[in-house]
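All remarks here apply to the structure that follows.
What you see is a predicted model; the values in this text were computed from it and never measured. We count ligands from 1, going down the list as the structure has it; atoms in each ligand are counted the same way. Side-chain atoms are counted along with the backbone in the values below, which use heavy atoms only and exclude waters and symmetry mates.
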Amino acid sequence: MTNSAAPRAIPVILDVDTGVDDALAILFALAHPGINVLGISCVAGNASLERVVENTLRILDVADAPYIPVAAGARRPLLEPARSAAHVHGEGGLGTLQLPPTDRRAEPISSVELMRKLIVASPHPVTLVGLAPQTNLALLLRQYPDVVSKIERIVFMGGSTTVGNATAVAEFNVWHDPEAAAIVLDSGVPTFMYGLDVFNQVAIPEHVTTALMHSDSDLAHVVGQLLGNRIALGSGRNADYSGLIGDAGALCALVDPGALETAMLPLRVQLSGYGRGQTIVDKRSHPGEDIVHGLVGEWEAAEVALDVDVDRYVHLFLDTLGLGSALALSR
Ligand code: RIB
Ligand code: CA
């Protein structure tokens, strides 16, 4: 007998640049019963498009996932050249983690075509989860604006209301393709920004990661290896160990939004000067001279994550992956 009380799993399409923390996000999304991964779209970012696709397919093997369509999208931003983040994610994109080759293959269609096909076929509006430069999302919205009515919202890891990581003020995903981020924000689709303000907080304690790395569970060992890789910190800390769950936090936000402090705030992407790629979030409680004197137009508003209950997401992440015992064992 089906449990009619069980809430329907959220139909999602992930857009990734796998990437150490994209890998953690994919593992979490596949493991959480409240998330139904319809497909995965790949874009160049942390690594080349080819590496991102291969890493994504191999992570599906780690999760022992059923068939999930994966497609290759943009190999560079709309205007900027591709600039990998090998200094953070390693040349292969998965840090020190080496995974065996996979028999899985990407779909013979582009990311945009796959996303459109899945959105149109879905009986319920689909949530797009952007964990990478938003080039694919922008191309989808420009090529097929008709899909907007069937998109529930876009939850994206990106941006910051304070410190940057790619630059002093810009976060990598938005900085990598600022025009794409501006197009997404301007699309009329409700957007949720999971930015560095919360991204930089949710970290697994080092002793837990050490316990995972010494576990005899393959999954624990993979997750430990990924957590043990350093993800560039935007908060100025230069610790070698970060333990950040990174992109996986945006999936935690999907299933447990109550752990976040959020606000609907005017938001725009800076497209020029040193601040190019910065997400300027207007947190003022009253209009300033710029608005009073008509110097700026109406900004789009997005729901912005401002703070997070770190412990709650640490437990959610580990428990969802069946690794919660590592917390207890390693105290
Ligand atoms: O700034 C962090 C973001 O950039 C994460 O999505 C990471 O994977 C990289 O894509
Ligand atoms: Ca990413």
Side-chain angles (χ1 to χ4, degrees), residues 12-29 40-49 51-53 55-56 59 70 73-77 80 82-95 97 111 128-137 154-178 180-181 184 192-203 226-227 229-237 242-254 269 276-279 304-305 308 317:
V12 308
I13 298 171
L14 306 178
D15 189 60
V16 299
D17 59 338
T18 313
V20 165
D21 57 327
D22 304 74
L24 294 171
I26 293 168
L27 293 171
F28 178 89
I40 304 178
S41 158
C42 297
V43 66
N46 289 325
S48 69
L49 180 62
R51 277 308 328 155
V52 168
V53 172
N55 290 342
T56 301
I59 285 295
V70 174
R75 123 186 356 268
R76 57 165 287 188
E80 297 287 349
R83 297 184 181 100
S84 87
H87 61 295
V88 173
H89 295 262
E91 285 306 323
L94 292 179
L97 182 63
S111 281
L128 302 185
V129 180
L131 304 175
Q134 299 174 28
T135 319
N136 291 337
L137 302 183
I154 295 175
V155 173
F156 70 93
M157 190 283 125
S160 173
T161 75
T162 54
V163 70
N165 55 10
T167 75
V169 293
E171 176 280 325
F172 178 83
N173 288 334
V174 176
W175 170 83
H176 198 90
D177 196 341
V184 167
F192 181 96
M193 180 173 118
Y194 184 89
L196 293 181
D197 309 79
V198 287
F199 176 102
N200 281 339
Q201 292 191 56
V202 188
L226 292 168
L227 289 169
N229 184 72
R230 190 181 64 81
I231 295 178
L233 304 179
S235 56
R237 286 182 291 135
S242 73
L244 292 176
I245 69 169
D247 287 331
L251 279 300
C252 292
L254 214 56
V269 179
R276 178 166 161 76
Q278 179 182 11
T279 46
V304 178
V308 58
F317 175 77

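Each of the atoms 5 (C), 6 (O), 7 (C), 8 (O) of ligand 1 lies under 4.0 Å from some heavy atom of Asp21. Those atoms of ligand 1 that come under 4.0 Å of a heavy atom in Asp17, given as number and element, are 8 (O), 10 (O). Of all the atoms in ligand 1, the ones that sit under 4.0 Å from a non-hydrogen atom of Asn173 are 3 (C), 4 (O), 5 (C), 6 (O), 9 (C), 10 (O). Within the listing of ligand 1, atoms 1 (O), 2 (C), 3 (C), 4 (O) sit less than 4.0 angstrom from a heavy atom of Glu171. The contact set between ligand 1 and Leu131, taken as ligand atoms under 4.0 Å from a residue heavy atom, comprises 6 (O), 10 (O). Each of the atoms 2 (C), 3 (C), 5 (C), 6 (O) of ligand 1 lies under 4.0 Å from some heavy atom of Met157. Remark: ligand 1 atoms within the under-4.0 Å shell around heavy atoms of Asn46 are 7 (C), 8 (O), 9 (C), 10 (O).
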Using the side-chain contact (heavy atoms from CB on, under 4.5 Å) rule, take Thr56 and Ile26 through it: C-alpha gap first, then chi angles, then the decisive distance, then the call. CA-CA 8 Å; Thr56 301; Ile26 293 168; 4.0 Å; yes
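Not one N or O on the side chain of Asp177 forms a donor-acceptor pair closer than 3.5 Å with the backbone of Gln134.
Centred on the Ca ion (ligand 2), the O atom of Leu131 and the OD2 atom of Asp22 lie at an angle of 80°, reported to 10°.
Across Ala82 and His176, no two heavy atoms sit closer than the pair CA-NE2, 4.2 Å. Residues Ala74 and Thr135 approach most closely at CB-CG2, 3.5 Å, considering heavy atoms.
Put simply, the residue from Val52, Ile40, Leu14, Val16 that forms a side-chain contact (heavy atoms from CB on, under 4.5 Å) with Val70 is Ile40. When each of Phe172, Phe192, Tyr194 is checked for a side-chain contact (heavy atoms from CB on, under 4.5 Å) with Met157, only Tyr194 meets the rule.
To the nearest 0.5 angstrom, Thr18 atom OG1 is 7.5 Å from Ile59 atom CD1.
Residue side and main chain included, Phe172 places no N/O/S atom under 3.0 Å of the Ca ion (ligand 2). At least one N, O or S atom of Asp17 sits under 3.0 Å from the Ca ion (ligand 2).
For Asp247, the N, O or S atom closest to the Ca ion (ligand 2) goes by the atom name OD2.
Taking 4.5 Å as the limit, some side-chain heavy atom of Leu251 sits within range of a side-chain heavy atom of Leu131.
With a heavy-atom cut-off of 4.0 Å, Val20 does not touch ligand 1 at all.
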